[in-house]
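Notes follow the structure.
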2 protein chains.
Amino acid sequence: MKKKDSSPYHHGNLKDALVEEALKMVKTDGIQSITLRELTTKLGSSRSAIYRHFSSKDELIRAVIQAGFMQLDETISPFLISNDTVLARFRNMGEAYIAFALTNPNIYRMIFGNEVQTQREESCDIHNEENSGGFQHLVALLIEGQEKKIFKDDDPILQATYVWASIHGLSNLCIDGHIHVQDNIEALFELSFETIIKGMKF
Amino acid sequence: MKKKDSSPYHHGNLKDALVEEALKMVKTDGIQSITLRELTTKLGSSRSAIYRHFSSKDELIRAVIQAGFMQLDETISPFLISNDTVLARFRNMGEAYIAFALTNPNIYRMIFGNEVQTQREESCDIHNEENSGGFQHLVALLIEGQEKKIFKDDDPILQATYVWASIHGLSNLCIDGHIHVQDNIEALFELSFETIIKGMKF
DNA sequence: ACCTGAACACCGTTCAAGT
DNA sequence: ACCTGAACACCGTTCAAGT
């Protein structure tokens, strides 16, 4: 079990522990399940200690959102910079993306939901280089595809945004049950990827 | 101003009035702004009266979501069944859809958000014929396009789902500020529509 | 940089009693 | 089919006082 620190009045790294534990709670029970009372009880700290590190619950949630966003980013990035062909990398990324959303619906919902007003520009905007290497890698992949005459010569940033939006839309509709094609959900992905690639072809 | 009913103990149609007023609150201030206390105060009814019509706040919200979904549906449906060409109808629908989302971000977020667990199958599933004429019309449009050799011969329901997901993804990312291409947001839509249509071409 | 413990305003929900 | 009014448990947030 966890050992106490030298003093009962000091937690090892409360700020990170709060974010980590909150992300766990989101993952299993959704963002609505986070209450500061339960969160601090689980960590064995006091409620008011939170306000040493975050000015409000919303600010804490923003940190949790950012942590979740980085998990998604780390899941998809490797597929974009592998040694596979352009089209294989594209497809593998898409499958990994949707798999993440289906496996972690609560985290995905939190990231792209809007229960907390975030300054996306500064946290988990997909264009933010610091947090979204994935988007940058996607842009690079599309540029490579354009150079190899696989993809149409369009603005690669707009192209990447369109791709992201399409895959995001699929993920979003699937995990929130707006579509019920469960029997042939793979057929939906197959059709979607093919249509996207055909639409962007040189 | 509003006249009282014959008896102060009977509201004209409290159930509908609650949903209507709640939808207004969502539209201007977002779903988070709805509290039963404020809602009933605005209508001049008592708090407990709500429970004559809804078993909980969540059940009320579900009715509000459904009402919002029908507004979206009524906005886009006319464009799908107009006298224009297949491609014009397709494009006009897409533009109307995104325009609705940009004009009513709070309503759009509520519809496709997940702050309240809904049984989508019974309320605002896009496949639900009762509430989503738009989706049915989109399927019909795609079938017409296939017959006229404009679109590829794919399962029209999967095709329609892919189209919906793409436009939904664009709307969603735009209103939540995950993308900041505000300067050329029209260019993004232009590229998206062209890519989608090209991807589905015969 | 934490702790305890109390307090505050706000929330959804319930209930007893009236009309 | 409503009303009033009180109560309940829960919430985020603040604060005074300690270590």
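Every chain is numbered from 1 and lettered A, B, ... according to where its sequence line falls, protein lines coming before strand lines.
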Legend entry - Option passing side chain to side chain contact (heavy atoms under 4.5 Å, CB included) with A/L18 (candidates A/L36, A/L39, A/V64): A/L39

Legend entry - Interatomic distance where CG belongs to A/L18 and P belongs to D/dG12 [whole Å]: 13 Å

Inset, instruction - Identify whether any heavy atom of B/S48 sits under 4.0 Å from a base atom; if not, whether one sits that close to sugar-phosphate; answer base, sugar-phosphate or nothing. - result: base

Legend entry - Partner residues of B/Y162 under the ring pair (Phe, Tyr, Trp, His ring centres under 6.0 Å) criterion, sequence neighbours left out: none

Inset, instruction - Would you please confirm or rule out a distance under 4.0 Å between OP1 or OP2 of C/dT13 and any side-chain N or O of B/Y51? - result: yes

Inset, instruction - Could you list the residues that satisfy salt bridge (charged side-chain N to carboxylate O under 4.0 Å, His left out) with A/K198, not counting sequence neighbours? - result: none

Legend entry - Euclidean distance, atom CZ of residue A/R47 to atom P of C/dA1 [Å, nearest integer]: 22 Å

Inset, instruction - Go through the structure and list residues passing side-chain contact (heavy atoms from CB on, under 4.5 Å) with A/D84, not counting sequence neighbours. - result: A/S82, A/A88, A/R89, A/N92

Legend entry - Non-neighbouring partners of B/E21 that pass side chain to side chain donor-acceptor pair (under 3.5 Å), sequence neighbours left out: none

Inset, instruction - Kindly say whether B/G30 contributes a backbone atom to a donor-acceptor pair with the side chain of B/S33 at under 3.5 angstrom? - result: yes

Legend entry - Nearest-angstrom distance from the residue atom CZ of A/F54 to C1' of D/dT13: 16 Å

Inset, instruction - Any chance you could encode DNA chain C as dot-bracket? Rule is Watson-Crick or G-U wobble with both distances under 3.5 Å; [ ] for pairs crossing earlier ones, | for another strand. - result: ||.|||||...|||||.||

Legend entry - Protein-nucleotide distance (B/L39, atom CG; C/dC11, atom P), rounded to Å: 12 Å

Inset, instruction - Report the residues that fulfil side chain to side chain donor-acceptor pair (under 3.5 Å) with A/K148, sequence neighbours left out, ordered by chain and then residue number. - result: A/E144

Inset, instruction - To the nearest Å, give me how far apart CZ (A/R52) and P (D/dC15) are. - result: 12 Å

Inset, instruction - Please state the P separation for the pair D/dC2 and C/dA17 - nearest whole angstrom. - result: 22 Å

Legend entry - Which residue lies more 5' along DNA chain C, comparing B/S56 with A/H53 via nearest heavy atoms: A/H53

Legend entry - Proximity to DNA chain C (any heavy atom under 4.0 Å), residues of residues 29-38 of chain B only: B/I34, B/T35, B/L36, B/R37

Inset, instruction - Return the value, rounded to whole Å, for the distance between atom CD1 of A/I50 and atom P of D/dT14. - result: 12 Å

Legend entry - Partners passing side chain to side chain donor-acceptor pair (under 3.5 Å) against A/D16 (at least two apart in sequence or in another chain): A/N13

Inset, instruction - Would you indicate which nucleotide in C/dC3, D/dC2, D/dG12 comes nearest to any side-chain atom of A/K57? - result: D/dG12

Inset, instruction - List in chain and number order the residues that pass side chain to side chain donor-acceptor pair (under 3.5 Å) with B/K201, two or more places apart in sequence or in another chain; answer none if no residue qualifies. - result: none

Inset, instruction - Please measure how far the C1' atom in C/dA9 lies from the corresponding atom in D/dC10, and state the result in whole Å. - result: 13 Å

Inset, instruction - Starting from P on D/dC11, measure out to CD1 on A/I61 and report it in whole angstrom. - result: 14 Å

